Each structure stands twice: as structure tokens, then as C-alpha cells.
Amino acid sequence: AKLDGRGSLQHFRQHFHDELVRQHRLVERLERAIVNRELHLHYQPQVSVVSGRIENLEALLRWTPLEGEPVSPAEFIPLAERSGLIHQLGDWVMEEACRQQAAWRAAGRVDSRVDINLSGRQVLAPDTLERLEACVARHGLRPQDIGIELTENVLIEADAGILERLRYLYHRGVRIAIDDFGTGYSSLSYLKHFPVTALKIDRAFVRDAPEQPEDRAIMEATIFIGHRLGLEVVAEGVETAEQLALLREMRCDLVQGYLFHPPMPAEDIDRLLVGPGVG
Ligand code: C2E
Ligand code: CA
Ligand code: CA
Ligand code: CA
């Protein structure tokens, strides 16, 4: 078919406009999500490949508007980043994750660490890490009860002040994982200078590793370099026994994915950890 230049441009403009309006409405609804109590945290276990034990729980934000369908964080987190709402959302996540972890520890049931995702704009804001530290202390938690996940791009962009803060947290025992490792645009040299305790292999590599030699090679190289640097390596998005077999063979430390447990509400974690067969 022949393209009508003007027609398709108009069509594009209309589409672009509609999309902006939609995003704007979503941000307005998100602004009310905290007061309306529409936000929840789910927790996804990370399991030791060797012992099968649940070591950590990754906190993942869920938004179910009072009226309407749940919205994926893959959609609303980037919007929150652009609009600046991420600071309020991020504070809510920190507070809720620390509150829940304190409740678990008080009940004497869970000795798993809780890991919080921090997005770029959040970490790069000057006082986020101080507020995290204050939050941990306020809930009577030890630094090692909480971990953070951030992407390599954030580390590259961090200024001296932020890096110093991260180093301080690292030395106090807060675990720091690089999320989506290998998907950014950075060289590996930054690993030498930055306070990091773990690498997380992105789910795209894990998904394709059984079929694609390239993905398998990247997975293996990540585990190798992680271990040579004394870091823990976590694979996310593990869905099949075949993927697990590969990861075991490559001596990956921790695995996380639907093959083991999906992200779930805190009550389900309680049941999982006190349920039959666990003790
Ligand atoms: P991420 O940090 O890379 O998290 C992994 C995503 O994979 C999660 O999606 C998780 O639910 C999903 N997942 C876990 N196991 C499997 C599996 O076996 N197969 C497949 N296909 N997916 C699996 P989710 O929860 O939709 O979160 C999407 C992204 O949103 C996260 O990616 C993270 O970047 C962001 N996010 C989520 N919660 C927060 C938060 O509290 N703060 C910030 N800043 N970002 C968050
Ligand atoms: Ca993550
Ligand atoms: Ca991520
Ligand atoms: Ca990922």
C-alpha cells in the first residue's frame, strides 16, 4: 500500500497525543494511590541452589486502583520516575518493607533478608539513602536485614557524595545487588570501584540460555566474573528445570522465579515459611 505522508503523520500525532493524555491520567491516579491504600508489596523468595533454602525476599510493588485493573510496575514505575512521584512511592516502599521485616523478625519466624528495588532518580536524590538508613533504624532492624537492588547505570551516574553514602551502607552490612546486570551500557571496570555484594542476571538471559549459546555464554561469564570478584550471583526469572540445571552446573548461588515461587503477599510468605515440612 502507498503511504500517505500527511495522513500517517496526523495519525501519529493523534496517537502520541492520546498516549500522553493516558499517561497523564495514570499519574493523577497514582498520586492518590498512597492515601487510598491502593499499594501493596509482594515478596518473591530467592532460593539457594545448593541448599534449597529461602535466603532473601525481593519486595515488588503492586498497584491495584480502587476502581480498575492492577497496573504493572513496568508501566507505572517509569511514569513515576518522570513525574517525580517516585520519591513518595519509594518512601512508601521503604517504610512498608521495613515494617514488614520488623514484624517478621518480632515473630521470630523469618531470618531472610528483604531486598528493596531503588530506581535511578531515587538513588541519585541526595537524601534517599540517609532516609533508608533512618527507616531501618526506626524499625529496630540491623543493616543486614535489608538489601537494595539498583542498576549499573545508577552507579555510573552517581556522584562522589552518593557513592560515599553507598560505601558507608556497604560497610555497615547492607547488601547491594546490581539488578539487570549486563543490560546497561557500562564497561565492567566500574565493578572494581563500587560497593557491590551481588550481581543479578537479567531474566532475558535466563529465558534464552537453553536455546541460545550467546545467552548461555553471557550467563556463564557473569557467574564467573561475579565469583572472581567475591560477589554472590542471583538468576532471576527461572521458569524451567532446564534453566535450573544450567545454572546449577555453572554454580550460580541463588535462583528466583516461577519454578520456585511467584511474588506473593506477606501472609503467603508466612504460610510458606511455617508450612508443613519447613519446621
Ligand atoms: P525487576 O526488578 O527486574 O524484577 C523482576 C520482575 O520479574 C518482576 O516483575 C517479577 O515479578 C518478575 N518475575 C519474577 N519471576 C519471574 C519468572 O519466573 N518469569 C517471569 N516472566 N517474570 C518473573 P514486576 O513485579 O512486574 O516488576 C517489574 C519491574 O518493576 C521490576 O523489575 C523493577 O524494575 C520495577 N519495580 C518493581 N517494584 C519496584 C519498587 O518497589 N521500586 C522500584 N523502584 N521499582 C520496582
Ligand atoms: Ca529487582
Ligand atoms: Ca530492574
Ligand atoms: Ca530484571
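Note that ligands are numbered from 1 as they come in the structure, with each ligand's atoms numbered from 1 the same way. Computed from a prediction, not measured in an experiment: that's the story for all the values here.
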Point to revise | Minimum non-hydrogen distance to atom 25 (O) of ligand 1, winning option of Q243, H42, Q122, R62 | key: R62
Point to revise | Which atom of E96 lies closest to which atom of Y43, heavy atoms considered | key: O-OH, 4.1 Å
Check your understanding: What atoms of ligand 1 come within less than 4.0 Å of a heavy atom belonging to E239?
Key -> 17 (C), 18 (O), 19 (N), 20 (C), 21 (N)
Check your understanding: Closest N/O/S atom of E149 to the Ca ion (ligand 2), by atom name?
Key -> OE1
Point to revise | Working for side chain to side chain contact (heavy atoms under 4.5 Å, CB included), residues L129 and R131 | key: CA-CA 5 Å; L129 296 173; R131 283 209 310 284; over 6 Å; no
Check your understanding: Has E236 got an N/O/S atom less than 3.0 Å from the Ca ion (ligand 2)?
Key -> no
Check your understanding: Are the side chain of Q122 and the backbone N or O of S119 linked by a donor-acceptor pair below 3.5 Å?
Key -> yes
Review point. Any side-chain heavy-atom pair from P263 and R62 closer than 4.5 angstrom?
Key: yes
Practice item. Taking only heavy atoms of E236 into account, list the atoms of ligand 1 that are under 4.0 Å away from them. Key: 3 (O), 5 (C)
Point to revise | Test log, rule side chain to side chain contact (heavy atoms under 4.5 Å, CB included), inputs R165 and E130 | key: CA-CA 8 Å; R165 207 74 216 169; E130 274 118 274; 3.2 Å; yes
**Study point:** Residue D180, metal the Ca ion (ligand 2), N/O/S under 3.0 Å
**Key:** no
Exercise for review: Between S119 and ligand 1, find which residue part has any heavy-atom pair under 4.0 Å and reply side chain, backbone, both or neither.
Suggested key: both
Study note, to complete from the structure: On a heavy-atom basis, the closest approach of P45 and P262 is CD-O, 4.1 Å
Revision key, fill the gap. To the Ca ion (ligand 2), the closest N, O or S atom belonging to E58 is OE2
Review point. Taking the side chain as C-beta and beyond, is there a heavy-atom pair between I54 and L272 under 4.5 Å?
Key: yes
Revision key, fill the gap. When every non-hydrogen atom of V49 is compared with those of C252, the smallest separation belongs to CG2-O, 3.3 Å
Study note, to complete from the structure: A student checking ligand 1 against P263 at a 4.0 Å heavy-atom cut-off should list atoms 11 (O)
Check your understanding: What about N117: any of its N or O atoms under 3.5 Å from an N or O on ligand 1?
Key -> yes
Check your understanding: For ligand 1, which atoms sit closer than 4.0 Å to a heavy atom of G257?
Key -> 15 (N), 18 (O)
Practice item. Report the residue from I148, I162, L132, L155 that forms a side chain to side chain contact (heavy atoms under 4.5 Å, CB included) with V123. Key: I162
Check your understanding: Hey, looking at atom 30 (O) of ligand 1, which of P73, A177, G90, A97 has the closest heavy atom?
Key -> P73
Review point. What part of E58, side chain, backbone, both or neither, has a heavy atom within less than 4.0 angstrom of ligand 1?
Key: side chain
Practice item. Would you mind running through ligand 1 and noting each atom that sits below 4.0 Å from a heavy atom of D180? Key: 3 (O)
Study note, to complete from the structure: Under 4.0 Å from one or more heavy atoms of Q44, ligand 1 contributes atoms 14 (C), 15 (N)
Check your understanding: Only one of N36, I34, L30 clears side chain to side chain contact (heavy atoms under 4.5 Å, CB included) with R32; which?
Key -> N36
Check your understanding: Would you say D179 reaches the Ca ion (ligand 4) with an N/O/S atom under 3.0 Å?
Key -> no
Check your understanding: Nearest to atom 22 (N) of ligand 1 by heavy atom, W92, F260, Y258: which?
Key -> Y258
Point to revise | Proximity to ligand 1 by part of V238, non-hydrogen separation under 4.0 Å | key: backbone
**Study point:** Options V93, L41, L60, ranked by nearest heavy atom to atom 4 (O) of ligand 1, top entry
**Key:** L60
Practice item. Look only at interatomic distance and state if L61 has a nitrogen or oxygen under 3.5 Å from any nitrogen or oxygen of ligand 1. Key: yes
**Study point:** R203 neighbourhood, listing ligand 1 atoms whose heavy-atom distance to it stays under 4.0 Å
**Key:** 6 (C), 7 (O), 12 (C), 20 (C), 21 (N), 22 (N)
Study note, to complete from the structure: Closest non-hydrogen atoms of R216 and P210, given as atom of the first, atom of the second and distance, are NH1-O, 3.3 Å
Practice item. Considering just N/O/S atoms, say which atom of D202 is closest to the Ca ion (ligand 4). Key: OD1
